[in-house]
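A quick write-up on the structure given underneath.
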Amino acid sequence: MCDTNLMTLNRWLLSDHHKNTPNRIEFANLMSGIALACKITTNAIKRAGFEQLFGLAGVTNVHSEDVKKLDIIANDAFKYALKGTKEVFCMVSEEEQSIIPVAEHDAGNFVVTFDPLDGSSNIDCNVSVGSIFAIWPKVSKDNNYSDKDVLRKGREMIAAGYALYGSATMLVLTTGCGVFGFTLDYTVGEFVLTHPDIKIKPRGAIYSINEGNSVYWDKATADYVNSIKSGKNGKTPYSSRYIGSMVSDVHRTLLYGGIFMYPADSKSPQGKLRYLYEVAPLSLLMEQAGGKSTNGQQACLDLVPGNIHQRVPVFMGSVDDVSDLESFHKSS
Ligand code: AHG
Ligand code: MN
Ligand code: MN
Ligand code: MN
């Protein structure tokens, strides 16, 4: 059956769902750049075996991580595609030490912070990985960007989303009115709406954390994890699922419920995940889907990063599960 009335990402962005968005044409144009970068990245991943794109690039990044060849390809894809929209004022990437400026004649009114390839330690063994992005309004009045354009509370985001390069390639997005999932239809090369208005259930039965770090956990985290593993007060013990790609673990949590955790611990005193391009965008999606995201003490979206690569602890997922976790941290 040939569907001639596809609700593509671009049509959805220009639909009545956004009739009150003042700059929806410019925003749709910006999103076309992000969608292009995700299509280029998914194609590079699928061709990696044929074109020797697996493995290390032979450099380390600002986080002292061994950068993969596909980290660089995805990073270049995002930088070129975003600049090409002429809608971007400046950018922050996990793979770049400092803020990425855009030449004045190419500059626009949006700030974009992104993780071009998330979970890249999994890429060589063909486990799902993703890209994460957050979109903010520029703050600077002139054409000189400054920290005030990027070191800001997550609640100032106007949109956030991720691409998941899994069995299907999906783009999951919020523009502030719920969470919507689009699946890449290779036959026409478009992201097509397949998951309208995603909502997370109030309680799940899956917990997601790297238990290999349990020797480093603080008491509150250890006591919470033990409470859901032990099945106290007649509850069924939770199942454990941990992929090691934040996008994959968060996407499963969004659709199945439960809790994803990357706590601070004695090995990583700030936690591991970065605020501007991992924790903040995925926290906005989680809240927009009816879930919750906290650093153990307060909502992640109320945090202000001290630098563009600031790490923060994160616990996100079903409201009841995250509230249970918070009760352990607030009483510790
Ligand atoms: P990235 O590949 O962008 O550097 O992010 C990796 C992150 C995140 O995707 C995942 O949740 C976490 O690293 C896994 O860390 P551990 O291997 O320490 O569990
Ligand atoms: Mn990395
Ligand atoms: Mn990441
Ligand atoms: Mn990354």
Side-chain angles (χ1 to χ4, degrees), residues 37-38 41-42 44-45 54-57 59-79 91-97 100 112-134 160-166 172 206-217 221 225 240-254 258-283 285-286 293 300 305 308-317:
C38 295
T41 301
T42 198
I45 291 168
F54 288 129
L56 297 178
V59 295
T60 56
N61 62 15
V62 64
H63 317 274
S64 307
E65 298 169 338
D66 290 329
V67 177
K68 299 275 188 167
K69 291 177 192 169
L70 284 164
D71 279 318
I72 294 176
I73 289 168
N75 191 47
D76 288 345
F78 270 81
K79 288 193 294 185
M91 307 177 224
V92 168
S93 166
E94 178 208 347
E95 301 304 339
E96 306 275 347
Q97 178 137 10
I100 305 162
V112 183
T113 57
F114 60 91
D115 177 356
L117 195 63
D118 173 68
S120 52
S121 62
N122 281 322
I123 192 72
D124 290 358
C125 61
N126 203 23
V127 165
S128 296
V129 294
S131 302
I132 310 170
F133 58 89
Y162 57 80
L164 175 57
Y165 311 117
V172 177
I206 298 170
Y207 73 100
S208 185
I209 189 169
N210 184 344
E211 299 222 38
N213 292 327
S214 57
V215 292
Y216 308 115
W217 292 346
T221 298
V225 173
S240 168
R241 292 286 184 277
Y242 190 71
I243 300 165
S245 301
M246 186 182 189
V247 169
S248 305
D249 282 317
V250 169
H251 186 68
R252 183 206 52 250
T253 304
L254 205 52
I259 185 168
F260 169 77
M261 300 172 269
Y262 209 109
D265 59 29
S266 55
K267 184 176 72 166
S268 313
Q270 303 287 325
K272 174 180 181 182
L273 300 173
R274 286 63 54 112
Y275 187 74
L276 280 180
Y277 42 80
E278 289 171 322
V279 174
L282 296 182
S283 296
L285 283 160
M286 200 49 85
S293 179
C300 288
I308 62 171
H309 297 299
Q310 169 84 50
R311 299 174 193 268
V312 296
V314 58
F315 308 88
M316 63 164 73

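In listed order, ligands and their atoms are each counted from 1.
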>> Return the closest protein heavy atom for atom 10 (C) of ligand 1 as residue, atom name and distance.
In response: Gly244 O, 3.3 Å

> In ligand 1, which numbered atoms sit nearer than 4.0 Å to a non-hydrogen atom of Met246?
Replying inline: 8 (C), 9 (O), 10 (C), 11 (O)

> Which protein non-hydrogen atom lies closest to atom 18 (O) of ligand 1, naming both residue and atom, and how far is it?
Replying inline: Tyr262 OH, 2.7 Å

> Under 3.5 Å, is there a donor-acceptor pair between the side chain of Asp249 and the main chain of Gly244?
Replying inline: yes

>> Around atom CG of Asn210, are there more than 12 heavy atoms from other residues, nucleotides or ligands closer than 6.0 Å?
In response: yes

> At under 4.0 Å between heavy atoms, which part of Leu117 makes contact with ligand 1: side chain, backbone, both or neither?
Replying inline: backbone

> Can you check whether Phe260 has an N/O within less than 3.5 Å of an N/O in ligand 1?
Replying inline: no

> For ligand 1, which atoms, with element, lie under 4.0 Å from some heavy atom of Glu65?
Replying inline: 4 (O)

> Taking heavy atoms and a distance under 4.0 Å, where does Asp115 meet ligand 1: side chain, backbone, both or neither?
Replying inline: side chain

>> Once you restrict to heavy atoms under 4.0 Å, what part of Ser120 touches ligand 1? Side chain, backbone, both or neither.
In response: both

> Among protein heavy atoms, which lies nearest atom 19 (O) of ligand 1, and at what distance?
Replying inline: Tyr242 OH, 2.6 Å

> Under 3.5 Å, is there a donor-acceptor pair between the side chain of Glu278 and the main chain of Arg274?
Replying inline: yes

> Is ligand 1 under 4.0 Å from a heavy atom in the side chain of Glu278, in the backbone, in both, or in neither?
Replying inline: side chain

> Can you check whether Glu94's main-chain N or O pairs, donor with acceptor, with His63's side chain at less than 3.5 Å?
Replying inline: yes

> Aromatic rings Phe78 and Phe114: how do their planes relate, parallel, tilted or perpendicular, breaks at 30° and 60°?
Replying inline: parallel

> So, the side chain of Ser283 versus the backbone of Cys300: is there a donor-acceptor pair under 3.5 Å, distance only?
Replying inline: no

> Counting distance only, does the side-chain N/O of Ser131 pair as donor-acceptor with the main-chain N or O of Cys38 below 3.5 Å?
Replying inline: no

>> As a quick check of understanding, evaluate side-chain contact (heavy atoms from CB on, under 4.5 Å) for Tyr242 and Tyr207, giving each step before the final call.
In response: CA-CA 8 Å; Tyr242 190 71; Tyr207 73 100; over 6 Å; no

> With sequence neighbours excluded, what pairs up with Ser268 under the side-chain contact (heavy atoms from CB on, under 4.5 Å) test?
Replying inline: Asp265

> Within the side chain of Asn122, is there an N or O that forms a donor-acceptor pair under 3.5 Å with the backbone of Ile243?
Replying inline: yes

> Can you find an N or O of Asn210 that's nearer than 3.5 Å to an N or O of ligand 1?
Replying inline: yes

>> Below the 3.5 angstrom mark, is there an N/O of Leu273, backbone or side chain, next to an N/O of ligand 1?
In response: no

> What protein heavy atom sits nearest atom 13 (O) of ligand 1, and how far off is it?
Replying inline: Lys272 NZ, 3.0 Å

> What closest approach, in Å, do Ile308 and Gln97 show between heavy atoms, and which atom pair accounts for it?
Replying inline: CD1-O, 3.4 Å

> To which protein heavy atom is atom 9 (O) of ligand 1 closest, and what is the distance rounded to 0.1 Å?
Replying inline: Asp118 OD1, 2.7 Å

> In Glu278, what N, O or S atom is nearest to the Mn ion (ligand 3), if we give its atom name?
Replying inline: OE2

> What part of Arg274 sits under 4.0 Å from ligand 1 if we count only heavy atoms: the side chain, the backbone, both or neither?
Replying inline: side chain

> Closer than 2.8 Å to the Mn ion (ligand 4), how many protein N/O/S atoms do you count?
Replying inline: 3

> Relative to the heavy atoms of Ser245, which atoms of ligand 1 are at a distance of less than 4.0 Å?
Replying inline: 9 (O)

> Is there a donor-acceptor contact under 3.5 Å from the side chain of Ser93 to the main chain of Glu95?
Replying inline: yes

> Is there a donor-acceptor contact under 3.5 Å from the side chain of Ser208 to the main chain of Arg241?
Replying inline: yes

> Are any side-chain N or O atoms of Asp124 and backbone N or O atoms of Gly55, one a donor and one an acceptor, separated by less than 3.5 Å?
Replying inline: yes

> At their closest point, which heavy atom of Ile209 faces which heavy atom of Thr221, and how far apart are they?
Replying inline: CD1-CG2, 4.1 Å

>> Among all the protein's non-hydrogen atoms, which is closest to atom 2 (O) of ligand 1, and how far away is it?
In response: Gly119 N, 2.7 Å

